[in-house]
Amino acid sequence: MLSADRAPKRTVLVLTLGGTIAMTRAASAPGVTPTLSGSDLVAAVPGLQSAAEVRVEDFRQMPGASLATGDIVDLVERLGRAERECLDGVVVTQGTDTLEETSYLTDLYYSGAMPVVFTGAMRNAASAGADGPANLLAAVQTAGSAEARGAGVLVVLGDEIHAARHVRKLHTTSPGAFGSPNTGPLGHVAEGSARFHRLPKPIGRLPLPTGALPQVEIVTASLGSSGTLLKGLENEVSGLVVAAFGVGHVPESWCSRLEALAAAMPVVLASRISAGPVLTSTYGFAGSESDLLARGLIGAGTLDPYKARLLLTALLAADTPRPEIARAFLDRS
Ligand code: ASP
């Protein structure tokens, strides 16, 4: 085996999409905005060029909140080309606001073995203790690691390596904002190398859509809510995710509307709690998980409402029959 300093350097492409990691103050705006280019980001990271041969491409320059599913479809196409260009890995930098969703949607669609690692920053480039440079370095080191090949889409922040399918943003400002509450991290980055404790189980990928994705929305249960937002949804959306209380409960007054909606479209039952599964057969009252499943709703398992919405969207885009939608939620949570 070649020693690390004699091994050929890995080539890693950094695709930048904007976000806090690329934000600084400009005189024209009241706060920070995405202004830094990919070359600016890379230039700010000490030691990056000895970690890998880094290429950079400005892909989008926007806040995470303005990214849309279409941007991710374009990104997955770009990843396919990167694989054909024989790159060793790709790092995607973007806003942390939507990173748990964009990385998951990419994971649903990207079928290659080339490592793909998402990262961002909680502190902007002009602030004391900006975390962007360290996150970018750790992401490049992970994307260049042989163990990351075939591991699915990864998310690296705060020197932790997470699977896109499990990661959540858990704090609005902390530099340690990301975690995988159901599973813990897959590994850590230390002394310049990615160390995996375990790898996620392989999972089938969905076909990349050619047209616009179907509209799927989330309705959240809350104390005393009348469920008025459920009215007329049959005409507005192709699928619905319910972010229910606890293990999958809603007010009794929601039941008949949800049953009617589930007859018209797939309605997925997820939990608004950040960890743990929705149950299937523990409670038996009207509006309980067993009641809602008997009324035709589909359990999301441990998938949170945001990931459940993306999975349902991708399944509907692929014209998946209803029984297979239910099976996909079982297999993928
Ligand atoms: N606070 C966000 C971030 O960390 C802003 C965004 O998502 O663009 O990047």
Below 3.5 Å, can you tabulate the donor-acceptor pairs from side chains in residues 138-158 to any protein atom, sequence neighbours excluded?
from   : atom 1 : to     : atom 2 : distance (Å)
Thr142 : OG1    : Ala138 : O      : 2.8
Ser145 : OG     : Thr142 : O      : 3.2
Ser145 : OG     : Ala148 : N      : 3.3

Atom [atom1] of [X] and atom [atom2] of [Y]: how far apart are they, to the nearest 0.5 Å?
X	Y	atom1	atom2	value
Leu15	Leu79	CG	CG	6.5 Å
Leu208	Ile72	CG	CD1	11.0 Å
Arg272	Ser222	CZ	OG	7.0 Å
Asp97	Leu67	CG	CG	9.5 Å
Leu310	Thr102	CG	OG1	9.0 Å
Arg295	Ser256	CZ	OG	7.0 Å

Could you tell me whether [X] and [Y] make a salt bridge, using a distance below 4.0 angstrom between a side-chain N and a carboxylate O?
X	Y	answer
Arg205	Asp107	yes
Glu85	Arg78	yes
Glu259	Arg257	no

Side chains of [X] and [Y]: do they bring a donor and an acceptor to under 3.5 Å?
X	Y	answer
Glu83	Tyr110	yes
Asp58	Ser37	no
Ser288	Asp291	no

Find out whether [X] and [Y] are in side-chain contact, i.e. whether some heavy atom of one side chain is under 4.5 Å from a heavy atom of the other.
X	Y	answer
Val250	Leu292	yes
Val12	Glu53	no
Glu217	Leu233	no
Ile325	Leu312	yes
Leu316	Leu213	no
Pro305	Thr220	no
Leu186	Leu199	no
Leu41	Leu136	yes

Where at least one partner belongs to residues 226-250, residue pairs that pass salt bridge (Lys or Arg N to Asp or Glu O under 4.0 Å), sequence neighbours excluded
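Passing the test, one end in residues 226-250: no pairs.
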Using the salt bridge (Lys or Arg N to Asp or Glu O under 4.0 Å) rule, collect all pairs that involve residues 173-192, keeping only residues at least two apart or in two chains.
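Those involving residues 173-192 are Glu191-Arg195.
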Taking all non-hydrogen atoms of both residues, which atom of [X] and which atom of [Y] are closest, and how far apart?
X	Y	answer
Leu36	Ala125	CD1-CB, 3.6 Å
Phe245	Leu223	CZ-N, 3.8 Å
Leu315	Ala328	CD1-CB, 3.8 Å
Ala177	Met122	CB-CE, 3.7 Å
Pro34	Gly18	CB-CA, 4.3 Å
Ala318	Pro207	CB-CG, 3.8 Å

If you count every heavy atom of other residues, nucleotides or ligands that lies below 6.0 Å from Glu252 atom CD, does the total exceed 12?
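Incorrect, the count does not exceed 12.
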Evaluate whether atom CZ of Arg55 has more than 12 neighbouring non-hydrogen atoms of other residues, nucleotides or ligands under 6.0 angstrom away.
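12 or below, so no.
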Dump the intermediate steps for side chain to side chain contact (heavy atoms under 4.5 Å, CB included) on Leu230 and Trp254, then the final yes or no.
CA-CA 8 Å; Leu230 298 170; Trp254 286 31; 3.8 Å; yes
Given the rule in the side chain to side chain contact (heavy atoms under 4.5 Å, CB included) test, do Thr106 and Leu75 qualify, once you have shown the distances and angles that lead to the verdict?
CA-CA 8 Å; Thr106 306; Leu75 178 74; 3.9 Å; yes
For residues 304-333, which residue pairs pass the side-chain hydrogen bond (donor to acceptor under 3.5 Å, both in side chains) check, not counting sequence neighbours?
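Checked against side-chain hydrogen bond (donor to acceptor under 3.5 Å, both in side chains) - neighbours excluded - the pairs reaching residues 304-333 are Arg168-Asp304.
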Is there any side-chain hydrogen bond (donor to acceptor under 3.5 Å, both in side chains) pair reaching into residues 21-30, and which pairs are they, with sequence neighbours excluded?
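For residues 21-30, and leaving out neighbouring residues, the side-chain hydrogen bond (donor to acceptor under 3.5 Å, both in side chains) pairs sorted by first residue read Thr24-Thr35.
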Evaluation steps, salt bridge (charged side-chain N to carboxylate O under 4.0 Å, His left out), between Arg60 and Asp74:
CA-CA 11 Å; Arg60 300 282 188 276; Asp74 291 349; 2.8 Å; yes
May I ask you to decide if [Y]'s main-chain N or O and [X]'s side chain share a donor-acceptor pair within less than 3.5 Å?
X	Y	result
Ser226	Thr228	yes
Asp71	Ala68	yes
Glu289	Thr282	yes
Asn135	Gly120	yes
Asp88	Thr11	yes
Ser174	His171	no
Ser271	Val278	no

Checking side-chain contact (heavy atoms from CB on, under 4.5 Å) against Pro181, which of Val167, Thr302, Leu170 comes through?
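The residue from Val167, Thr302, Leu170 that satisfies side-chain contact (heavy atoms from CB on, under 4.5 Å) with Pro181 turns out to be Leu170.
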Going by side-chain hydrogen bond (donor to acceptor under 3.5 Å, both in side chains), Thr98 matches just one of Glu101, Glu100, Gln94. Which one?
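The residue from Glu101, Glu100, Gln94 that satisfies side-chain hydrogen bond (donor to acceptor under 3.5 Å, both in side chains) with Thr98 turns out to be Gln94.
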Test Phe178 against Thr96 for side chain to side chain contact (heavy atoms under 4.5 Å, CB included), laying out the working first.
CA-CA 9 Å; Phe178 282 75; Thr96 60; 3.7 Å; yes
State plainly whether one hydrophobic cluster holds both [X] and [Y], where clusters connect Ile, Leu, Val, Met, Phe, Trp and Tyr through side-chain heavy atoms under 4.5 angstrom apart.
X	Y	answer
Val91	Leu105	no
Val241	Leu303	yes
Met265	Val219	yes
Ile218	Leu297	no
Leu48	Phe118	no

Suppose we call two aromatic rings close when their centres sit under 6.0 Å apart. Are Tyr283 and His249 close by that rule?
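Tyr283 vs His249: aromatic centres under 6.0 Å.
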Give the other cluster members for Met23, using side-chain heavy-atom distances under 4.5 Å between Ile, Leu, Val, Met, Phe, Trp and Tyr residues; answer none if it is isolated.
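Besides Met23, the hydrophobic cluster comprises Val32, listed by chain and residue number.
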Could you walk me through whether Ile161 and Val189 pass the side chain to side chain contact (heavy atoms under 4.5 Å, CB included) check?
CA-CA 7 Å; Ile161 306 169; Val189 181; 4.0 Å; yes
